[in-house]
Amino acid sequence: MKNQNIRVRLILIKKGKMLLMHDSSVGFYYYPGGHVEFGETILQAAERECIEECNDNFVFDKILYIRDYLNLDKNEQAIELFLLGGLKKGIANNSKDPAGRKTQTLMWFDIDNLPKNLYPMTLSKKIAKDFKKGFPCRGEYLGAIK
């Protein structure tokens, strides 16, 4: 069976720091977010995922990037939308995932010192560079980056 879906990934930045999720069961970091459920808009999915993973409301700014995710060995394909925004309360701390997943932890990182094992790996430098320019682009297509 082939899996095709749409995912939202949240780029949450506060005072030069970015909020990331670490999953100790797989040993890497990723941007908070997840699947868009049937009947949901992209913004509704981002808001739901932010509440589930960050225990806060998402404040939407704009869509930064569009990425093709392909893992053909596992019959997976997705379109990932990276949304720039903030947290309404803005106080998500380094803490266990509010959704109760025991292996996942939220962590803030300096935008110039993001973890090397942050997926997708090639996006970290671009985000840091675009952050310094004030994220001038909207909806930039990245293709199937790793």
Side-chain angles (χ1 to χ4, degrees), residues 3-38 40-74 76-99 101 103-146:
N3 264 337
Q4 294 179 307
N5 56 60
I6 300 169
R7 297 182 194 147
V8 292
R9 296 288 176 207
L10 308 178
I11 306 294
L12 301 165
I13 300 172
K14 180 180 176 185
K15 297 181 181 177
K17 295 190 179 286
M18 184 180 300
L19 188 62
L20 301 174
M21 184 73 77
H22 180 260
D23 190 326
S24 62
S25 70
V26 291
F28 61 80
Y29 295 86
Y30 59 92
Y31 302 91
H35 300 290
V36 176
E37 294 179 359
F38 182 77
E40 246 180 355
T41 67
I42 292 164
L43 185 54
Q44 288 169 332
E47 290 167 344
R48 177 185 48 76
E49 287 290 344
C50 194
I51 289 169
E52 288 176 4
E53 295 191 358
C54 305
N55 200 26
D56 200 347
N57 293 312
F58 181 66
V59 180
F60 176 75
D61 186 2
K62 63 182 170 180
I63 295 174
L64 288 179
Y65 312 116
I66 302 163
R67 170 194 180 213
D68 292 309
Y69 172 81
L70 298 170
N71 188 338
L72 302 179
D73 294 336
K74 292 185 178 182
E76 285 187 74
Q77 180 176 359
I79 295 171
E80 291 187 326
L81 303 165
F82 290 81
L83 282 66
L84 178 65
L87 298 172
K88 189 169 186 171
K89 292 183 268 183
I91 54 171
N93 295 318
N94 293 3
S95 62
K96 291 291 181 191
D97 176 12
R101 295 170 288 221
T103 62
Q104 297 174 331
T105 307
L106 289 169
M107 303 174 87
W108 288 99
F109 287 90
D110 185 84
I111 198 134
D112 290 321
N113 195 23
L114 297 174
K116 297 203 183 321
N117 58 341
L118 169 60
Y119 286 89
M121 294 176 107
T122 58
L123 190 55
S124 297
K125 287 181 184 173
K126 179 166 185 47
I127 287 176
K129 186 173 113 181
D130 289 349
F131 171 73
K132 289 180 177 126
K133 295 179 185 175
F135 291 109
C137 295
R138 290 181 177 268
E140 183 179 347
Y141 176 63
L142 303 176
I145 63 170
K146 300 248 182 220

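Closest approach of Cys137 and Leu64 over heavy atoms only: O-CD2, 4.0 Å. Taking every heavy atom of both residues into account, Leu118 and Ser124 meet most closely at CD2-OG, 3.3 Å. In this structure, Asn117 and Phe28 approach most closely via the heavy-atom pair O-CB, 3.2 Å. For the pair Leu84 and Phe58, the tightest heavy-atom approach, listed with the atom from each and the gap, is O-CZ, 3.9 Å. Closest approach of Phe60 and Leu43 over heavy atoms only: CB-CD1, 3.6 Å. The minimum heavy-atom distance between Lys89 and Asn55, with the atom names listed, is NZ-O, 3.5 Å.
Here CG of Leu20 is found 11.0 Å from CG of Leu10. Values are rounded to the nearest 0.5 Å. Atom CD of residue Glu80 and atom CZ of residue Arg7 lie 5.0 Å apart, to the nearest 0.5 angstrom. With rounding to the nearest 0.5 angstrom, the CG atom of Leu114 is 10.5 Å from the NZ atom of Lys17. To the nearest 0.5 angstrom, Ile79 atom CD1 is 6.5 Å from Asp68 atom CG. Asp112 CG to Met18 CE: the interatomic distance, rounded to the nearest 0.5 Å, is 10.0 Å. Considering CG of Leu83 and CG of Leu12, their distance stands at 9.5 Å, rounded to 0.5 Å.
Side-chain N or O atoms of Thr103 include none that pairs as donor or acceptor with a backbone N or O of Ser24 at under 3.5 Å. Without hydrogens or angle criteria, Glu53 side chain to Gly33 main chain gives a donor-acceptor distance under 3.5 Å. At distances below 3.5 Å, at least one donor-acceptor pair connects side-chain atoms of Lys62 with backbone N or O atoms of Phe135. For the pair Asn71 (side chain) and Glu76 (backbone), a donor-acceptor distance under 3.5 Å is absent. At least one donor-acceptor pair under 3.5 Å links the side chain of Arg67 to the backbone N or O of Ile145. With hydrogens and angles ignored, the 3.5 Å screen pairs no side-chain donor or acceptor of Thr105 with any backbone N or O of His22.
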query = Between Leu81 and Val36, is a side-chain contact (heavy atoms from CB on, under 4.5 Å) present by the stated rule, with each step listed?
reply = CA-CA 10 Å; Leu81 303 165; Val36 176; 5.9 Å; no
task = Check the pair Glu49 / Val8 against side-chain contact (heavy atoms from CB on, under 4.5 Å), numbers first and verdict last.
result = CA-CA 8 Å; Glu49 287 290 344; Val8 292; 4.3 Å; yes
inquiry  = Run the side-chain contact (heavy atoms from CB on, under 4.5 Å) test on Arg9 and Ile11 for me, step by step, so that the C-alpha distance in whole Å, both residues' side-chain angles and the decisive distance to 0.1 Å come before the verdict.
reply    = CA-CA 7 Å; Arg9 296 288 176 207; Ile11 306 294; 5.7 Å; no
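Residue Ile66 places its CD1 atom among more than 12 non-hydrogen atoms of other residues, nucleotides or ligands, all under 6.0 Å distant. Heavy atoms from other residues, nucleotides or ligands lying under 6.0 Å from NZ of Lys88 number 12 at most.
The aromatic rings of Tyr29 and Phe109 sit perpendicular, their planes meeting at an angle over 60°, well past the 30° parallel limit.
Taking the side chain as every heavy atom from C-beta outward, Leu142 and Thr122 never approach each other to under 4.5 Å. Contact check for Ile51 versus Asn57: side-chain heavy atoms found under the 4.5 Å cut-off.
Checking Tyr69, Tyr65, Phe82 one by one against Pro120, the side chain to side chain contact (heavy atoms under 4.5 Å, CB included) holds for a single residue, Phe82.
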